[in-house]
Amino acid sequence: MGSSNRTTHGGSLWERLVDAFHGRDAQAPPAAPAAVPWNSLEWRVDPETETWCHKLPGDPAGLQEVRACAPDGYDFARLVWQACEVCRLGLIVKIRVTGPWQRHGYGSRMVRFALRGRDGYAWTTTPQSEDAQAFFPAFAASTGVAFPRDAHRCEHMRAARSRGPERARPLDPPPR
């Protein structure tokens with residue numbers, strides 16, 4: 001184990017986490033402004049410094065993903081879903097917004113992005129965490145789209161499920 005006075009500048013994610021646990025400073029990533037050192041261990045919510053990307057599906061009913069990342073690349077918000085145009089079905093496979101970024105609209109923005117252009121689709125979700133059990137009813141009340149937890153997949157979604165999403169492309173942040 002290292003000295004308790006040691007400060008790691010850079011290093012692996014594990015080293016940065018250990019340093020943060022012990023109260024040692026982590027080096028700001030190069031993309032951060034010099035006047036305001038920033039890393040995900042500081043848990044800031046700063047919409048001016050986040051980046052978004054969208055991984056397109058490998059085939060028509062394949063998995064898609066949208067992520068919001070902090071300047072150091074940490075993806076603090078992520079949504080994975082499938083949608084089948086033929087059967088007009090959608091499935092929220094996974095939604096995650098890390099604690100400090102919760103209740104800032106990231107989950108809603110990501111799900112609205114997935115719903116865009118899919119009016120009249122029947123949506124379901126996989127079994128939900130405690131946070132998601134609170135999120136989906138509130139989101140359903142505001143959009144009129146129900147999200148039962150029965151994870152319904154059509155034959156096209158099941159066939160495409162094992163194939164991962166293609167390369168991510170940058171995305172303008174979805175509207176608030």
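Model, not experiment: these values are computed from the prediction.
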Any donor and acceptor pair, going by atom type alone, linking the side chain of Thr126 with main-chain N or O of Val93 inside 3.5 Å? yes
Arg112 and Phe139, any side-chain heavy atoms less than 4.5 Å apart: yes
Does a side-chain heavy-atom distance below 4.5 Å link Pro148 with Trp123? no
Heavy-atom donor-acceptor pair, Asp75 side chain to Ala77 backbone, under 3.5 Å: no
Side chain of Arg118, backbone of Ala114: donor and acceptor closer than 3.5 Å? yes
Go through the side-chain N and O atoms of Tyr106 and Glu50 and say whether any donor and acceptor fall under 3.5 Å apart. yes
Between Glu65 and His54, is there a side-chain donor-acceptor contact under 3.5 Å, judged purely by atom types and distance? no
So, are Arg96 and Asp131 salt-bridged, with charged N and O less than 4.0 Å apart? no
In terms of the angle between their ring planes, are Trp81 and Phe113 parallel, tilted or perpendicular, with boundaries placed at 30° and 60°? perpendicular
Closest heavy-atom contact between Ala140 and Ala146? CB-CA, 4.3 Å
Rounded to the nearest 0.5 Å, what separates atom CH2 in Trp52 from atom CG in Leu171? 7.5 Å
Taken to the nearest 0.5 Å, the spacing of Leu79 CG from Arg109 CZ works out to 13.0 Å
May I ask you to decide if Ala132's main-chain N or O and Ser129's side chain share a donor-acceptor pair within less than 3.5 Å? yes
For the backbone of Gly105 and the side chain of Ser108, can you confirm whether one donor and one acceptor N or O come within less than 3.5 Å of each other? no
Measuring only between side-chain heavy atoms, which start at C-beta, is Cys84 closer than 4.5 Å to Cys154? yes
Main-chain N/O of Lys55 paired to Arg67 side chain as donor or acceptor, under 3.5 Å: no
Asp172 atom CG: more than 12 heavy-atom contacts under 6.0 Å: no
Rounded distance (nearest 0.5 Å) linking atom CD of Gln82 with atom CG of Leu63: 4.5 Å
How many angstroms lie between atom SG of Cys87 and atom CE of Met157, to the nearest 0.5 angstrom? 8.5 Å
Working for side-chain contact (heavy atoms from CB on, under 4.5 Å), residues Thr98 and Tyr74: CA-CA 10 Å; Thr98 303; Tyr74 174 68; 2.8 Å; yes
Nearest-0.5 Å distance that lies between atom CG in Leu91 and atom CZ in Arg153: 5.0 Å
Is the shortest side-chain heavy-atom distance between Tyr121 and Leu89 below 4.5 Å? no
So which of Ile92, Leu115, Ile95 actually passes side chain to side chain contact (heavy atoms under 4.5 Å, CB included) with Met110? Ile95
Once you round to the nearest 0.5 Å, how far does CZ of Arg169 lie from CG of Leu56? 5.0 Å
CD of Gln133: more than 12 outside heavy atoms within 6.0 angstrom? yes
Check for a donor-acceptor pair, side chain of Thr49 on one end and backbone N or O of Pro71 on the other, with a separation under 3.5 Å. no
